[in-house]
Amino acid sequence: MLKPEGYIEIRFGPRWKYISPARVFIQNFIAIALSDQTKADSIAMAVSELLENAVKYGASEDTHCIVQAFPQTGTIQASVTNHASEQGVRDVQAIYNKIMKGDALEAYIAQMREAATRTDGKSQLGLARIRYETGADVKLEVTSDHLVTITIIVK
């Protein structure tokens, strides 16, 4: 496997005010690493969605993000990790399983339809949007102590 030519790591507590600057930093890092502003914009949006979810649903003071660049192949791998409650783990696993079935566009449309009828204020569109708009491979890992990691790989 190729080693990343460059990477960044960001750690912060669950504060909304950190998401926007993190997004800009990630966007600039990718744009420089790959010389591709369009891909940088798309991936920064995706990582920002993951960070928002980590802040919104996380059960700890630590959100951890790693973005790795592989310019040789034009690939970016980004992971966001945080602790979740037992219910949060069940919720993310259920959403992930639903989003990963079938075609990305169909999953996104189905999730948009569902979001339009929800009354709890949660759209739950993030993973479907990421999968469709970036074409990313999306992976979910959950440990026995409720550490949740979502990784996207965009080629």
Side-chain angles (χ1 to χ4, degrees), residues 1-16 18-34 36 38-108 111 122-155:
M1 179 173 172
L2 291 173
K3 289 189 177 193
E5 194 168 293
Y7 73 95
I8 56 172
E9 278 188 78
I10 303 170
R11 284 188 179 283
F12 58 87
R15 307 288 185 277
W16 286 105
Y18 299 140
I19 294 172
S20 181
R23 179 182 179 150
V24 171
F25 182 62
I26 291 164
Q27 188 173 23
N28 288 332
F29 168 76
I30 295 168
I32 291 167
L34 297 184
D36 186 337
T38 302
K39 189 177 266 189
D41 295 346
S42 176
I43 296 169
M45 171 281 300
V47 175
S48 178
E49 286 273 354
L50 295 176
L51 291 171
E52 287 177 14
N53 287 342
V55 169
K56 192 183 311 182
Y57 301 114
S60 74
E61 287 292 313
D62 190 31
T63 299
H64 184 207
C65 175
I66 299 174
V67 180
Q68 300 176 82
F70 301 86
Q72 316 87 305
T73 62
T75 301
I76 294 290
Q77 178 173 313
S79 298
V80 173
T81 302
N82 68 298
H83 276 93
S85 66
E86 195 170 318
Q87 183 61 50
V89 167
R90 284 193 297 270
D91 290 347
V92 76
Q93 286 173 323
I95 293 165
Y96 176 82
N97 291 337
K98 183 170 47 169
I99 296 305
M100 295 310 292
K101 288 182 183 172
D103 179 72
L105 177 57
E106 289 173 11
Y108 189 31
Q111 205 59 27
K122 299 177 182 177
S123 71
Q124 297 185 331
L125 283 172
L127 288 179
R129 179 181 183 203
I130 290 167
R131 184 172 174 232
Y132 172 67
E133 289 187 13
T134 66
D137 291 331
V138 181
K139 298 178 181 182
L140 171 67
E141 292 179 54
V142 179
T143 65
S144 59
D145 62 345
H146 304 146
L147 190 65
V148 175
T149 300
I150 297 177
T151 300
I152 61 170
I153 301 168
V154 181
K155 297 179 181 180

**OP:** Could you walk me through whether I10 and F25 pass side chain to side chain contact (heavy atoms under 4.5 Å, CB included), step by step?
**Re:** CA-CA 10 Å; I10 303 170; F25 182 62; 3.9 Å; yes
Subject >> Where K101 and R131 come nearest, the two heavy atoms and their spacing >> reply: O-NH1, 4.0 Å
Original post:
Under the side chain to side chain contact (heavy atoms under 4.5 Å, CB included) criterion, do F12 and V55 qualify, and how do the steps go?
Top reply: CA-CA 10 Å; F12 58 87; V55 169; 4.0 Å; yes
Subject >> Whether over 12 other heavy atoms sit under 6.0 Å from Y57 OH >> reply: yes
Original post:
Do Q77 and T151 come close enough that some side-chain heavy atom pair is under 4.5 Å?
Top reply: yes
Original post:
Is it the case that R90 and Q87 place a side-chain donor and acceptor less than 3.5 Å from each other?
Top reply: yes
Subject >> Euclidean distance, I153 CD1 relative to I43 CD1, rounded to 0.5 Å >> reply: 11.0 Å
**OP:** Check I130 against E49 and note the closest heavy-atom contact, atom names and distance.
**Re:** CD1-CB, 3.8 Å
Original post:
Any side-chain heavy atom of V67 within less than 4.5 Å of one from F29?
Top reply: yes
Subject >> Atom pair CZ/NE2 of R11 and H64 - distance to nearest 0.5 Å >> reply: 4.0 Å
Original post:
Which atom names give the shortest non-hydrogen contact between A69 and A33, and what distance separates them?
Top reply: CB-CB, 3.5 Å
Original post:
Hey, does N53 have a side-chain heavy atom less than 4.5 Å from the side chain of V80?
Top reply: no
**OP:** Evaluate the side chain to side chain contact (heavy atoms under 4.5 Å, CB included) criterion for residues M45 and Q27: first the C-alpha distance (whole Å), next the side-chain angles of each, then the deciding distance (0.1 Å), finally the verdict.
**Re:** CA-CA 8 Å; M45 171 281 300; Q27 188 173 23; over 6 Å; no
Subject >> Heavy-atom closest contact (G58 atom, N82 atom, distance) >> reply: CA-ND2, 3.1 Å
Original post:
When you measure from the side chain of K39 to the backbone N and O of G74, does any donor-acceptor pair fall under 3.5 Å?
Top reply: yes
Original post:
Taking side chain as C-beta onward, heavy atoms only, is I150 less than 4.5 Å from L127?
Top reply: yes
**OP:** Provide the closest heavy-atom pair for E52 versus W16 in the form atom of the first, atom of the second, distance.
**Re:** CG-CZ3, 3.5 Å
Subject >> Pairwise distance CD(E5) to OG1(T75) - rounded to 0.5 angstrom >> reply: 12.0 Å
**OP:** Mind checking the OG-CD1 spacing from S42 to I76? Nearest 0.5 Å is all I need.
**Re:** 11.0 Å
Original post:
Counting only heavy atoms not in Q93, do more than 12 fall under 6.0 Å of its CD?
Top reply: yes
Original post:
Out of T149, D62, T63, which one pairs with T81 under the side-chain hydrogen bond (donor to acceptor under 3.5 Å, both in side chains) rule?
Top reply: T149
Subject >> Verdict with supporting geometry, L125 and Y108, side chain to side chain contact (heavy atoms under 4.5 Å, CB included) >> reply: CA-CA 7 Å; L125 283 172; Y108 189 31; 4.1 Å; yes
Original post:
Any chance NZ of K56 has more than 12 other-residue heavy atoms, nucleotides or ligands included, within less than 6.0 Å?
Top reply: yes
Original post:
Around Y96, counting heavy atoms of other residues, nucleotides and ligands shown, do more than 12 lie under 6.0 Å from its OH?
Top reply: yes
**OP:** Indicate yes or no for a side-chain donor-acceptor contact from Q111 to the backbone of Q124 under 3.5 Å, with no hydrogens or angles considered.
**Re:** yes
**OP:** Locate the shortest heavy-atom distance separating L51 from C65; write the atom from each residue and the value.
**Re:** CD2-CB, 4.1 Å
